[in-house]
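Note sheet for the following structure.
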Amino acid sequence: QVQLVESGGGLVQAGGSLSLSCAASGLTFSAYGMGWFRQAPGKEREFVAGISRGGGSTYYANSVKGRFTISRDNAKATVFLQMNNLKPEDTAVYYCAADPSGLPTRSAGMNYWGKGTLVTVSS
C-alpha cells in the first residue's frame with residue numbers, strides 16, 4: 001500500500017525557519033515527481049513547490065520563491081521542504097503528493113497524498 005507520511009510541522013515565529021519531510025513507501029519513489037501543497041482555513045488547496053523525478057527541475061509558487069527550497073533523496077525515498085523567513089500567511093496544513101507524470105505542479109495530477117502536517121506562524 002502506498003503511504004506518504006509528512007513530519008516537521010509545528011509553531012514558529014514570523015521570520016523563523018522550519019523543515020518538513022515526507023517519507024514514501026509502497027511505490028517506486030524515483031518514478032514520481034513530488035509536490036508540496038498547502039491549505040489554510042477557509043481556502044482552497046494551493047501548490048507550493050514541486051520537484052522532478054531525478055531532482056533536476058524544481059517549481060515554486062510565486063509567494064514562496066526565494067524563501068522555500070524543495071529537495072529529494074531517492075535513496076531514502078524522502079522529499080523535503082526547507083522553509084525560511086516564514087510569514088503568518090504561510091500558516092496552513094502542508095501536504096506532500098506523488099505525480100506519475102513527473103510534472104508535480106497540479107493537484108489533479110497527483111495520484112497519492114499524505115495526511116498533512118500543520119505549520120503555524122505567529123506574529
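Since the structure is predicted, the reported quantities are computational estimates derived from the model, not experimental observations.
A single hydrophobic cluster is not seen to contain both Val79 and Trp113; linkage of ILVMFWY side chains at heavy-atom distances under 4.5 Å, directly or through other members, places them apart. Hydrophobic clustering places Tyr59 together with Met110 (ILVMFWY residues linked when any side-chain heavy atoms are closer than 4.5 Å, directly or through intermediates). In terms of hydrophobic clustering, with Ile, Leu, Val, Met, Phe, Trp and Tyr side chains grouped at heavy-atom distances under 4.5 Å, Val93 and Leu18 are assigned to different clusters. The hydrophobic cluster containing Ile70 also contains Tyr94, counting ILVMFWY residues as joined when their side-chain heavy atoms lie under 4.5 angstrom apart, directly or transitively.
Contact check for Phe37 versus Ser107: side-chain heavy atoms found under the 4.5 Å cut-off. Contact check for Glu6 versus Cys96: side-chain heavy atoms found under the 4.5 Å cut-off. Put simply, the side chain of Phe29 does not reach to within 4.5 Å of the side chain of Lys76, judged on heavy atoms. Here the side chains of Phe68 and Asn84 are not in contact, with every heavy-atom distance at 4.5 Å or above.
To the nearest 0.5 Å, atoms OG (Ser52) and CE (Met34) are separated by 12.0 Å. Once rounded to the nearest 0.5 Å, the distance linking CG of Asp99 with OG1 of Thr105 reads 7.5 Å.
Leu20 and Met83 get closest at one heavy-atom pair: CG-CE, 3.7 Å. Closest of all the heavy-atom pairs between Pro100 and Tyr32 is N-CD2, 3.5 Å. Contact record, Thr78 with Ala23: OG1-CA, 4.1 Å, taken as the closest heavy-atom pair. Leu81 approaches Ala49 most closely through the heavy-atom pair CD1-CB, 4.1 Å. Between Leu27 and Ala98, the shortest heavy-atom distance links the atoms CD1-CB, 4.1 Å. Residues Pro88 and Ala14 share a closest heavy-atom pair of CD-CB, 4.1 Å.
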Does the side-chain contact (heavy atoms from CB on, under 4.5 Å) test come out yes or no for Ser71 and Gln82, once each step is laid out? CA-CA 8 Å; Ser71 61; Gln82 176 65 46; over 6 Å; no

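With Phe47 as the aromatic partner, Arg38 does not meet the cation-pi criteria of under 6.0 angstrom to the ring centre and within 45 degrees of the ring axis. Cation-pi geometry between Arg45 and Tyr95 is satisfied (NZ or CZ under 6.0 Å from the ring centre, within 45° of the ring normal).
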Side-chain donor-acceptor distances from residues 114-123 under 3.5 Å, at least two apart:
residue: Thr117; atom: OG1; partner: Gly9; partner atom: N; Å: 3.2

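Within a 6.0 Å sphere centred on CD of Glu89, other residues, nucleotides and ligands contribute more than 12 heavy atoms.
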